[in-house]
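Chain A is the first sequence line, chain B the second, and so forth, proteins listed ahead of strands; every chain is numbered from 1. Just so you know, these numbers come straight off a predicted model, no measurement behind them. These numbers come from the heavy atoms of this one structure, side chains and all, not from hydrogens, waters or symmetry mates.
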Amino acid sequence: MDNRFTIYNSLSRKKEPFTPLHPPFVGLYVCGPTVYSDPHLGHARPAVTFDLLYRYLMHLEYMVRYVRNITDVGHLENDADEGEDKIEKKARLEHLEPMEVVQKYINSFLKNMEQLNTLHPSIEPRASGHIIEQQQLIEELIKKGYAYEVNGSVYFDVLKYNEKYKYGKLSGRVLEELQSNTRTLDKQDEKRNPFDFALWKKATPEHLMRWPSRWSDGYPGWHLECSAMSIKYLGEVFDIHGGGMDLQFPHHECEIAQSTAAQGKESVRYWMHNNMITINGQKMARSLGNFITLDQLFIGNHPLLTQAYSPMTIRFFLLQAHYRSTIDFSNEALLAAEKGFQKLMKGIETLDKLKPSLTSTIDIPSLRKKCYEAMDDDLNSPVLLSYLFEGVKYINSVSDGTEKLSINELTSLKDLFKVFVFDILGLKDENISKGDEKLTSELMKIIINLRQGAKNKKEWAESDKIREDLKNAGIILKDLKDGAEWEME
RNA sequence: GGUCGGUUAACCGAGUGGCUAGGUAGCGGUCUGCAAAACCGUUUACGGCGGUUCGAAUCCGCCACCGACCUCCA
C-alpha cells in the first residue's frame, strides 16, 4: 500500500505522511475512560474517531495492535473535591466495592461501544492490573534521578526533566510560564514544585484501593498507567497515541515526560487528538453536569431531547464532522443526521436492486479515488460522506433511468459502498423486523396486491384506506411505476 | 493573565487564492388518481476593519466575540 495516508500530528501541528515504524505492523494506543459513571456523548467521540482510524488502517492492510486502557484507579477528582479518587468516591456514594463500580461502568461502556458498532480493541488493559509495571517504571525514574520520594509518595521532578528535555512541547507550554502562573502557595505541599506530579501516592488509612510498595501502601498516579501499559504492549517506541484534546495537558504531557525520562527517548511518533462535543457552545463533560448519556440518547429520556436517536444516527452525526473540529449538539442537528443516514441507507437498498445496462454514463473509478483522497487526508469523513451522497445521487438516477451503469461499474459501485460505508465508516443498517422478515414480506405482498386490485378499479377511497391503515401500523407504502414498495417507519 | 484553536448561509458542517462541498429545512417544477419517495431547478454565506494580489471567504496585520487547556489533595 502506498502511503498517501496523512495524519495531523499534534506534536508538530502539521499533517504528516503516515509511515509506521515496522510496517506492516502499527501500534495504536488510545486513552480510554475512567469508569465511574455512565458513558456520555463525549465518550463516543474518541471511540468513533479511533475506531475509524483503526478500521481504515486495517483496510490499508496494516496489522494493527489497538490498545485502549481502562482507568480504574488513580484518577483523582480535581480542585473541587479534596482530591478523592473518582472511583472510590462513587463507591462510597453507592455503597459498593470500588471494583464493583469499575465492573458496572466497564459493562455499560462496552455495551454502548458495541451499540455504536465500534470494534473491540486488541487489548483493553486496566490500570489496577498493571501495578507491578507501574512500580517498575517508578523505580526506573528514581534510578535515573527524575523522581523523588517524600513521606511514602513519589513525585516526578519536572524541573530536572526540563533541564535535559523540553517539558510542555505537546501543549505548547513553557515551564517558566507555568511556574509564574501557578496559583497555590501550599505550605505543606510535599512536592518540590507545584507542577511536579504524583507517580505514587501514599494511601490514607480510609483509602480502599491500595497496594504494597517499598515506598508505602498506596496507589499509582493517573498519568503513569498509560506510559507503563503502552510500553508493555506496544514497545518503547510506537506509532500512534490518541485521545481527547482535553487530555493534552497535563495528562499526555506527563506521559511524554515519564516515558522519555525512563527510556531516554520519546515513545510516541504521532499524537492524535479528537476535539470536544459542545452543548450550547460549552464542552460536554461530567464535571460540568451538562452531559447526555448514550443510553439517554438511545432511549430519548432527557429534557433536551425531543426523541430517541439510534446508535447509528449518533455515529453518523459524529462522522459528519471532522474529528478535530468541535461538534455542537442539538436536536436539530441530530434530526438532520437521522434523515441523512436514512437517505444513505435507502440509497444502498436501491443499489442492490439496480439492473445493469450495456454501457455506463457514470465514472465510478474517479468517485472511488475521491473517496480514498478524503480518507487519506487526515480521516476527512465529512468529505467522504459528501462523495458517498454523490454516489447515492447516481444510484437514484440509475434507478430512475436517467443514468446507466454497466455490469462492471455496478459491481464496482456496490463494492465501493460496502467498503466505505460498512467497513470503514462502520455504519450498519438498523432496519427492524429481522425475525419474521419472510412472513412479513409475504403478507405485505398480499396486501399490496389487494390494494392494487382496488386501484385498478379506481376505488381510491379503498386504496387510500389501506395505505392509511398501514401507516398507522408504522408501515409506509410508496407507489412506484410498477407496483409498490414498503418500509418500516 | 498565558497557550492553543475557532467564527461559513434557517440549522449542522467541509473546503479552496479565481471553479456548485454535502446533509437537513425552505421555495418552484417533473412524475403520480392523490400522497410519499426520487429527480431537476432554486433562495438566504464566509465576524469587523485594513493590507498583499489582476483576483481573498481563502494569505498577512489589527480588533471583536466564542471555546478548550492552565495539575494532585482548593
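- Mapping A/D246 and A/S330 onto RNA chain B via the closest heavy atom, the residue that lands nearer the 5' end is A/S330.
- Distances shorter than 4.0 Å separate some side-chain N or O of A/K339 from OP1 or OP2 on B/A25.
- Atom-to-atom, NZ of A/K458 to P of B/U32 comes out at 12 Å; the value is rounded to the nearest Å.
- A/L319 places its CG atom 22 Å from the P atom of B/A21, with the value rounded to the nearest Å.
- A/F389 comes within contact range of the sugar-phosphate backbone alone, with a heavy-atom separation under 4.0 Å but no base atom that close.
- Using the Watson-Crick or G-U wobble rule with both distances under 3.5 Å, B/U20 pairs with nothing in any strand shown.
- OP1 or OP2 of B/C39 has not a single side-chain nitrogen or oxygen of A/S399 nearer than 4.0 Å.
- Just one residue in the list A/R4, A/K14, A/R324 forms a salt bridge (charged side-chain N to carboxylate O under 4.0 Å, His left out) with A/D378, and that residue is A/R324.
- Using a 4.0 Å heavy-atom criterion, one finds that A/N275 contacts no nucleic acid atom at all.
- Summarising the geometry, the separation between CD1 on A/I314 and C1' on B/C12 is reported as 14 Å, rounded to the nearest angstrom.
- With RNA chain B read from its 5' end, the first of the two nearest nucleotides for A/S325 and A/M245 is the one closest to A/S325.
- Between B/U44 and B/G26, the distance separating the two C1' atoms is 10 Å to the nearest Å.
- Among the protein residues, A/I327 comes within range of the sugar-phosphate backbone only, with heavy atoms under 4.0 Å from sugar or phosphate atoms but none that close to a base.
- Residues A/T71 and A/E225 have side chains that bring a donor and an acceptor to within less than 3.5 angstrom of each other.
- Salt-bridge formation is not detected for the pair A/E459/A/K455: no Lys NZ or Arg NE/NH1/NH2 atom is positioned less than 4.0 Å from an Asp or Glu carboxylate oxygen.
- Using a 4.0 Å heavy-atom cutoff across all strands shown, A/A336 reaches at least one base atom of the nucleic acid.
- In the model, A/H273 has a side-chain atom that pairs as donor or acceptor with a side-chain atom of A/Q248 under 3.5 Å.
- With C1' as the reference atom, B/U20 and B/C59 are 24 Å apart, rounded to whole Å.
- Atom pair A/E390:CD and B/C40:P shows a separation of 12 Å (rounding to whole Å applied).
- The distance between atom CD of A/Q320 and atom P of B/C11, rounded to the nearest whole Å, is 16 Å.
- Using modelled atom types and a 3.5 Å distance limit, the side chains of A/T359 and A/S406 yield no donor-acceptor pair.
- The side chain of A/P382 approaches B/A14 more closely than any other nucleotide in the set B/A14, B/C4, B/U71.
- Residue-to-nucleotide contacts include no donor-acceptor pair under 3.5 Å from the side chain of A/R467 to the base of B/A36.
- Separating the C1' atom of B/G13 from that of B/U7 is a span of 13 Å, rounded to the nearest Å.
- Considering only the side chain of A/A198, B/C72 comes nearest among B/A21, B/C72, B/G33.
- Taking atom CG of residue A/D377 and atom C1' of nucleotide B/U16, one finds them 12 Å apart after rounding to whole Å.
- Figure legend. B/U53 is base-paired to no nucleotide; pairs are counted as Watson-Crick or G-U wobble with both atom distances under 3.5 Å.
- Looking at A/K202 and A/D217, no side-chain N of the basic residue comes within less than 4.0 Å of a carboxylate O on the acidic one, giving no salt bridge.
- Rounded to a whole angstrom, the distance from the P atom of B/U8 to that of B/A45 is 14 Å.
- Comparing B/C70, B/A38, B/A21 against the side chain of A/P250 picks out B/C70 as the nearest.
- Across all strands, A/R451 comes closer than 4.0 Å to base atoms (heavy-atom distances).
- For the pair A/N69 (side chain) and A/M229 (backbone), a donor-acceptor distance under 3.5 Å is absent.
- Residue-level contact check: A/H322 touches the backbone only, with heavy atoms under 4.0 Å from sugar-phosphate atoms and none from bases.
- A/Q282 comes within 4.0 angstrom of sugar-phosphate atoms only, judged by non-hydrogen atoms across all strands, and of no base.
- Taking side-chain N and O atoms only, A/K393 has no distance below 4.0 Å to OP1 or OP2 of B/A38.
- Here the side chain of A/D400 is nearest to one of B/A38, B/U71, B/G13, namely B/A38.
- Of the candidate nucleotides B/U71, B/G13, B/C39, B/G13 has the atom nearest to the side chain of A/D328.
- Here B/G5 sits opposite B/C66 as a Watson-Crick or G-U wobble pair (both hydrogen-bonding atom distances under 3.5 Å).
- At a threshold of 4.0 Å, the pair A/E266-A/K169 counts as salt-bridged, since one of the basic side-chain nitrogens sits closer than that to a carboxylate oxygen.
- Taking NE2 from A/H302 and CG from A/L41, the interatomic distance works out to 10.5 Å, rounded to the nearest 0.5 Å.
- Pair check for B/C39 finds B/G29; Watson-Crick or G-U wobble, both atom distances under 3.5 Å.
- Taking 3.5 Å as the limit, the base of B/G15 and the side chain of A/N380 contain no donor-acceptor pair of atoms between them.
- At the heavy-atom level, A/Q248 lies nowhere under 4.0 Å from the strands shown.
- Taking atom CG of A/D378 as the reference point, atom C1' of B/G15 lies 14 Å away to the nearest angstrom.
- Closest contact between the side chain of A/D464 and the listed nucleotides B/A14, B/C4, B/G33 involves B/G33.
- Taking the P atom of each, B/A56 and B/U32 are spaced 49 Å apart, rounded to whole Å.
- The nucleotide whose nearest atom lies closest to any side-chain atom of A/F249 is, among B/C39, B/U71, B/G33, B/U71.
- A salt bridge links A/D423 and A/K418; the closest N-O separation between the charged side-chain nitrogens and carboxylate oxygens is under 4.0 Å.
- Under 4.0 angstrom from either OP1 or OP2 of B/G33 there lies no side-chain N or O belonging to A/K455.
- Among the protein residues, A/T350 comes within range of no part of the nucleic acid, since none of its heavy atoms lies under 4.0 Å from any strand.
- Taking atom C1' on both B/U43 and B/U52, the two are 34 Å apart, rounded to the nearest angstrom.
- A/S171 comes within 4.0 angstrom of sugar-phosphate atoms only, judged by non-hydrogen atoms across all strands, and of no base.
- Taking atom C1' in both B/C11 and B/G18, the straight-line distance is 29 Å, to the nearest Å.
- Between B/U42 and B/G2, the two C1' atoms lie 49 Å apart (nearest whole Å).
- Between the CD atom of A/E253 and the P atom of B/A68 there is a distance of 20 Å, given to the nearest Å.
- Counting non-hydrogen atoms under 4.0 angstrom, A/K346 reaches nothing in the nucleic acid.
- Residue A/A321 is in sugar-phosphate contact alone, with no base atom involved, counting any heavy-atom pair closer than 4.0 Å across all strands shown.
- Nucleotide B/C46 forms no Watson-Crick or G-U wobble pair with any nucleotide shown, as no partner meets the under 3.5 Å limit on both distances.
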